[in-house]
Protein chains: 2
Amino acid sequence: MNRPSAPRKRRKEARPSELTAAALALFVEKGFAATRLDDIAARAGVSKGTLYLYFDSKEALFKAAIQEGIIPVVAEGESIVARHEGASIDLLCRLLENYWSRIGETPFAGIPKLMVAEAHNFPEVAQFYYENVIRRGRALLGAALERGVARNEFRPLPVETAIDVVIAPVLMLLIWRFSMARCQDENADPRTYLDIHTSLLRRGLMVTQV
Amino acid sequence: MNRPSAPRKRRKEARPSELTAAALALFVEKGFAATRLDDIAARAGVSKGTLYLYFDSKEALFKAAIQEGIIPVVAEGESIVARHEGASIDLLCRLLENYWSRIGETPFAGIPKLMVAEAHNFPEVAQFYYENVIRRGRALLGAALERGVARNEFRPLPVETAIDVVIAPVLMLLIWRFSMARCQDENADPRTYLDIHTSLLRRGLMVTQV
DNA sequence: TAATTTAATGACTTCTGAGTCATTAACTGC
DNA sequence: GCAGTTAATGACTCAGAAGTCATTAAATTA
């Protein structure tokens, strides 16, 4: 039969975010299928049964973990674009900078790698992520690029495609940190990396030289 | 008991590469853990038992699938660097171009996404991939960048980090194709994407304007 | 054509891990 | 302090997938 010996504490409020945080960390590390619910529970300091008090299934937990991190950051970017007044290249660099500091240096940094790895297995979650994060994020960069072209600060270029080229190195930096980085004895300094990228963009995009 | 009704054909020679090809496609699509051996066997047109005639375990099959694609391409890049004589920026662009055409447009295109997703679960395979593909590939780009700096074609820059910035958009293009691309109704044209990237590099890296 | 070898099969075994639920004990109100 | 409520537990069930092997038939040899 059963001998539930140690119900430690009861904290209904704090649980959900503790559980999604533990789940996110392990999903990012091992992938969805290779992560055991027992491990998530252990990491959160609860038992497996507790997970089912707050989430209907492993997949529901996955969705919640993804959604946790993405709510505030895009909105912040939208306000940056709305308020900006100086050179377009500075707007573009601020957006990249903001993405890095608000995602890249937080526990949510692993989400892009997780989405890339699991998109096929969770088309519904991928679609949600695409609509609410990627589409809106691309719109931000697109606005900055359009602005630069319209004001003759940037050379004319196919904006929709350029968006992807501009964001790719930042995404790749994130993804790398959560995948192959362990194999390298010495990893690039993110600061230097971003500086190189933005300086290439300055010289590469702009009509006049800096 | 057993009624093995339909042993179709016997082709000892052709099997291994057929099996790794089927495995690679499914691993790329669904990830290692979420791929069933029955599915791999079905895709290759054999039964599960046949897999074990050629590979000791699912993990052995994984390793073989990864190794299949990477043997020839790096060597080809090394010969390009050795033979090149013109401007360094052209060497750099040829290397990126070659990588795209020799990997990006083949069934092996999914390997980077697969490695990124599974690196943590297979540290040994990741290490192998790092030593034999990434390290050598980075050396190629590093040589092109060093050459440009030494000949005063490129501005001085921290080469080791710049390598990663240069390759990131190409890698990201590949990874995207095998993950989120299904969510977008319209994906960027790879040709346009690479053109933008190389033109940013030309203007961004070089001392004199083109 | 018959005997021998071996590629291939798929039912079976085994094990792992998702999801359940009867039991327990930490809180809450009286 | 006591009764009622509910957060938490962990042993259990069960489905699904990795890996096995006795059986079969295609190919090869005599």
Side-chain angles (χ1 to χ4, degrees), chain A residues 1-27 29-65 118 120-122 124-125, chain B residues 1-27 29-65 118 120-122 124-125:
Chain A
M1 302 299 159
N2 294 347
R3 302 154 260 150
S5 54
R8 299 289 146 77
K9 288 173 185 172
R10 294 161 58 114
R11 294 176 304 125
K12 191 179 181 181
E13 311 306 319
R15 288 287 183 236
S17 63
E18 290 174 1
L19 299 181
T20 53
L24 182 59
L26 286 169
F27 286 153
E29 199 174 292
K30 304 156 107 77
F32 177 82
T35 298
R36 289 180 299 242
L37 289 179
D38 280 312
D39 291 343
I40 296 174
R43 187 183 178 107
V46 300
S47 68
K48 188 167 61 174
T50 301
L51 288 176
Y52 286 89
L53 293 180
Y54 297 97
F55 302 96
D56 288 343
S57 66
K58 190 182 182 185
E59 181 162 348
L61 182 57
F62 178 77
K63 288 184 194 174
E118 304 290 351
H120 174 89
N121 294 322
F122 301 95
E124 190 191 324
V125 180
Chain B
M1 302 303 158
N2 294 346
R3 301 157 260 148
S5 51
R8 301 284 145 78
K9 287 173 184 172
R10 296 160 56 113
R11 294 177 304 124
K12 192 178 180 182
E13 312 305 319
R15 288 290 183 231
S17 63
E18 289 175 3
L19 300 181
T20 53
L24 182 59
L26 287 170
F27 286 152
E29 198 173 292
K30 305 157 106 77
F32 176 83
T35 298
R36 287 180 300 241
L37 289 178
D38 280 312
D39 291 343
I40 296 174
R43 186 182 180 109
V46 300
S47 69
K48 188 167 61 172
T50 301
L51 288 177
Y52 285 90
L53 293 180
Y54 297 97
F55 302 97
D56 288 343
S57 65
K58 190 182 182 186
E59 181 163 346
L61 182 57
F62 179 76
K63 288 184 194 174
E118 304 290 352
H120 174 90
N121 294 322
F122 301 95
E124 191 190 324
V125 180

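Below, all heavy atoms of this structure are taken into account, side chains as well, without hydrogens, waters or symmetry copies. These numbers were taken from a predicted model, which means no experiment stands behind them. Lettering of chains follows the sequences in order, A, B, ..., and the numbering in each one begins at 1.
- Listed pair A:Thr50 / D:dA8 fails the phosphate criterion, with no side-chain N or O lying under 4.0 Å from OP1 or OP2.
- Side chain of A:Leu37, nearest nucleotide from D:dG10, C:dG19, C:dT9: C:dG19.
- Using a 4.5 Å heavy-atom threshold, the side chains of A:Arg36 and A:Lys48 count as separate.
- The stretch residues 51-63 of chain A touches DNA chain D through A:Leu53, A:Tyr54, each having a heavy atom within less than 4.0 Å of the strand.
- B:Phe32 and B:Phe27 have tilted rings, their planes meeting at an angle from 30° to 60° on a 0 to 90° scale.
- Checked against C:dG19, C:dA8, C:dT9, the side chain of B:Arg15 finds its nearest nucleotide in C:dA8.
- Looking at heavy atoms from C-beta onward, B:Tyr54 lies out of side-chain contact with B:Thr20 at the 4.5 angstrom threshold.
- Shown here are the salt bridge (charged side-chain N to carboxylate O under 4.0 Å, His left out) partners of B:Arg43, two or more places apart in sequence or in another chain: there are none.
- If you find the closest nucleotide of DNA chain C to A:Gly49 and to A:Ala33, the one lying nearer the 5' end belongs to A:Ala33.
- When rounded to the nearest whole Å, the span between CD of A:Glu18 and P of D:dA7 equals 15 Å.
- Atom OG of B:Ser57 and atom CG of B:Leu51 lie 11.0 Å apart (nearest 0.5 Å).
- With distances taken from any side-chain atom of B:Lys48 to the nucleotides C:dG19, C:dT9, D:dA18, the minimum falls on D:dA18.
- Residues A:Val46 and A:Arg15 form a side-chain contact, since some pair of their non-hydrogen atoms from C-beta on lies under 4.5 Å apart.
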Could you list the protein-to-nucleotides 13-16 of chain C atom pairs, N/O on both sides, closer than 3.5 Å?
none

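- Among all heavy-atom pairs drawn from B:Ala33 and A:Ala34, the shortest one is CB-N, 4.2 Å.
- Comparing B:Val46 and A:Thr35 by the nucleotide of DNA chain C whose heavy atom lies nearest to each, the residue mapping closer to the 5' end is B:Val46.
- Between A:Thr35 and A:Ile40, the closest side-chain pair of non-hydrogen atoms falls below 4.5 Å.
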